[in-house]
Amino acid sequence: MSTPAEEVVAIGEATLKDRILNRLTRLLQDQWKLLVLGIPYAWLLLFFLAPFFFVLKISLAETTIASPPYTPLVEWVDEGIMHVRVVIDNYAYLWEDDLYVNTYLNSLVISVTSTILCLLLGYPIAYAIVRSSHTVKHILLLLIILPFWTSFLLRVYAWMGLLADQGTINDLLIALGIIDEPIRMLYTTFAVYVGIVYTYVPFMILPLYANMEKLDWELLEAAADLGAKPMTTFFTITLPATSPGILAGSLLVFIPATGEYVIPDLLGGGNVLMIGRVLYNEFNANIDWPVASAVAIALLLLLVLPMMLYQHIQAKETENP
Amino acid sequence: MAEALDYTDRPWLDPEAEPFIKVQSVSKHFGDFTAVDSVDLDIYKGELFCLLGGSGCGKSTLLRMLAGFETPSSGTILIDGQNMNDVPPYERPVNMMFQSYALFPHMTVWNNVAYGLRRDKVPKSEIQQRVDEMISMVELDQFAKRKPHQLSGGQKQRVALARALVKQPKVLLLDEPLGALDKRLREQTQYELMNIQEQLGVTFIVVTHDQEEAMTLSTRIAVMDTGRFQQIGTPTEIYEFPNSRVVANFIGNANMFEGRIIENGPDHVIVESNDPKCEFFVDHGMSIQEGTKVWVALRPEKVRISKESPANSSANTIRGMVHDIGYLGGTSTYRVQVDGDHMIEITSPNMMRPRDASPPIDWDEEVYLSWDASSSVVLTK
Ligand SMILES: Nc1ncnc2c1ncn2[C@@H]1O[C@H](COP(=O)(O)OP(=O)(O)OP(=O)(O)O)[C@@H](O)[C@H]1O
Ligand SMILES: [Mg+2]
């Protein structure tokens, strides 16, 4: 039996211990929060923002024959006088030269068209996956992801083999007697479209799938109940309800497709001008790092500005409905 | 010569009347689970029919088959004489209010309500007028421009109701229409529903958990249990003459006694129960063998409670001890312990205002419970 006095002491100790424990856990929780938020920010800072500033800096320099092949932005003249040289000639050059303007436009046309093609192809596929039974669903999803397990480059080479003049498709068509001479497919814009749509369609399907999975199917029933035919239901309910998925998928296709280098290079040969190839040429063949950097920055602005505008409008819309 | 009977309020009794909705031995299986089990049902024009039953008993499934979202595994559904089996939902003369509301999230309240009228190509000015009217009927005028996610649960429910009502369908299916409304709005909407039903002659089929709501609203009630109808009848029939223990327990409260028929006269039966030890004298004959196992249901409000032993004591009386009293203002609920640990529930109106705060019957007091020979119901299943 413990006396009342002992009990009081015991209680006191317990509360003290509890308090310390509480303090510790709270501290840990705070640190934890910091850590959780900190890691992605550090990551972005290190691997996105820092390289971006390097490229920006180079784009504002001039080429020289040196290593690295551009002039420094900041020069220390003696006695601590700082000399900053900013050259915007590179950007002016991009703007004045039709080659660059045309290439940007061509890239945009190709990436927009590919995005639309991916959407037209990916939407029904995503819809079919969502509507299929539980086991089939997983198999289909696996099939969508399966190509990622072999190298992207390898798959593009495979397409070269398929599309070439003496490639599988032409051979087959000739053997079947459908055509007499091979159709020229490789090194055309068509081949580039095939390559881009083939490569990026999973990036359209997956966000669409994720979005449709959350779609409340009872909404479609409600629409039917109120007299909407299936087509009307699709355009008035399904499409608006899946628009976040459409947007996410489209951005995931559009952005990388605009800057795509490997596909136009391998499947388009020299015939299809896209900005990724121009950038590569400036950098490696012409060793003009500042112009190459300016090309990259201009591309970034081209992609980011419309997105920021869109976000701005979206935010405003949700604020005051 | 019997005078001609007037069936206008009770079309189900009229042998000549043609049901508006005919459900003929309809079943619905999900895999090897049977959600609706060979159900037959006739509903007449202008009825306010309630489907009542516990969770998962198949009410929504039956409603969804009427709306056309589920196809019956077997059986046929006829609405207005037309076989509905191959008619898609958008061509059926029914509208449904969904249990989960199913409001279109990207549309304002106004557009949600207008959706059905737009599909019917109703002229713009008429849409404007009908939608406005409907929205003010459900008291949502200030919220017409809001999106569903900016509404409370009860407000959403009213939008769903307005959206289903605005099309003035021949049949309106309502799945738990008033569950999320507060008492005042619930009563008001019940009243509105009955009004609309009278004005427009719409046939209502209402699913509900709430037996009180079913009793107030409906012309007839179907009590459903595990995919089958236990009983179909008017609120009074269901309450006063339940045909099974399930129904008696589901509608209102009932004290249930298990016993055997010990005497079967032409105008009475006597049931003896062992636990608690008690005899029931019931004042109507039954075509039933002596010795058969039966159950006796006794409604709490049909039992008298008193401190003195009733005059003719032997049958329909039991002695016990007050275990619990719930004072509800207008009535009091007593739980009386009889013969061991058996509890009997009694509700009794508080007719007299007591002189002081102490109740006329107190806790732990010895009391006699008694009831009329016509009060108890003998059930065979
Ligand atoms: N699509 C389905 N697949 C499999 N089982 C289903 C399906 N829909 C309903 N069920 C089952 O059928 C039974 C009846 O469901 P239903 O929705 O009709 O119940 P309910 O009477 O409306 O219940 P509640 O009052 O809870 O809404 C339930 O056991 C449910 O699990
Ligand atoms: Mg339900």
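It should be emphasised that the depicted structure is a prediction, and the values quoted were computed from it without experimental measurement. In what follows, chains are A, B, ... by sequence order, proteins preceding strands, each numbered from 1.
Within 6.0 Å of atom CG in B/D120, more than 12 heavy atoms from other residues, nucleotides or ligands are found, so the atom counts as buried in its surroundings. No more than 12 heavy atoms of other residues, nucleotides or ligands lie within 6.0 Å of OH in A/Y41, so this atom counts as exposed by the packing criterion. Counted within 6.0 Å of CD on B/Q142, heavy atoms from surrounding residues, nucleotides or ligands total more than 12; the atom is thus considered enclosed. Open room surrounds CH2 on A/W32; 12 or fewer heavy atoms of other groups in view lie less than 6.0 Å from it. Around NZ of B/K170, the count of heavy atoms belonging to other residues, nucleotides or ligands within 6.0 Å does not exceed 12.
B/F69 meets the ring pair (Phe, Tyr, Trp, His ring centres under 6.0 Å) test with B/F98; sequence neighbours excluded.
Looking at B/T108, neither its backbone nor its side chain comes within 4.5 Å of chain A, counting heavy atoms on both sides. Looking at B/L103, the atoms closer than 4.5 Å to chain A (heavy atoms on both sides) all sit in the backbone: N, CA, C or O.
In this structure a side-chain-to-backbone donor-acceptor pair under 3.5 Å is missing from A/K229 to B/Y90.
For the set A/D216, A/L219, A/T233, the count of heavy-atom pairs under 4.5 angstrom toward chain B peaks at A/L219. Contact tally against chain A (heavy-atom pairs below 4.5 Å) for B/R118, B/M97, B/H106, B/E91: the top residue is B/H106. When each of B/G68, B/A102, B/P88 is checked for heavy-atom pairs under 4.5 Å with chain A, B/A102 comes out on top.
Across all non-hydrogen atoms, the minimal contact from B/R163 to A/A222 is NH2-CB, 3.5 Å. Shortest non-hydrogen contact noted between A/D225 and B/N95 is O-ND2, 2.8 Å. The heavy-atom pair separating A/A228 from B/R119 by the smallest distance is CB-CD, 3.5 Å.
The closest side-chain heavy-atom distance from A/I237 to B/M107 is below 4.5 Å.
Checking B/Y115 against A/T236 by side-chain atom types alone, a donor-acceptor pair falls below 3.5 Å.
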Take A/E221 and B/R64 through the salt bridge (Lys or Arg N to Asp or Glu O under 4.0 Å) test and state the conclusion after the steps.
-> CA-CA 10 Å; A/E221 291 181 348; B/R64 289 170 56 77; 2.7 Å; yes
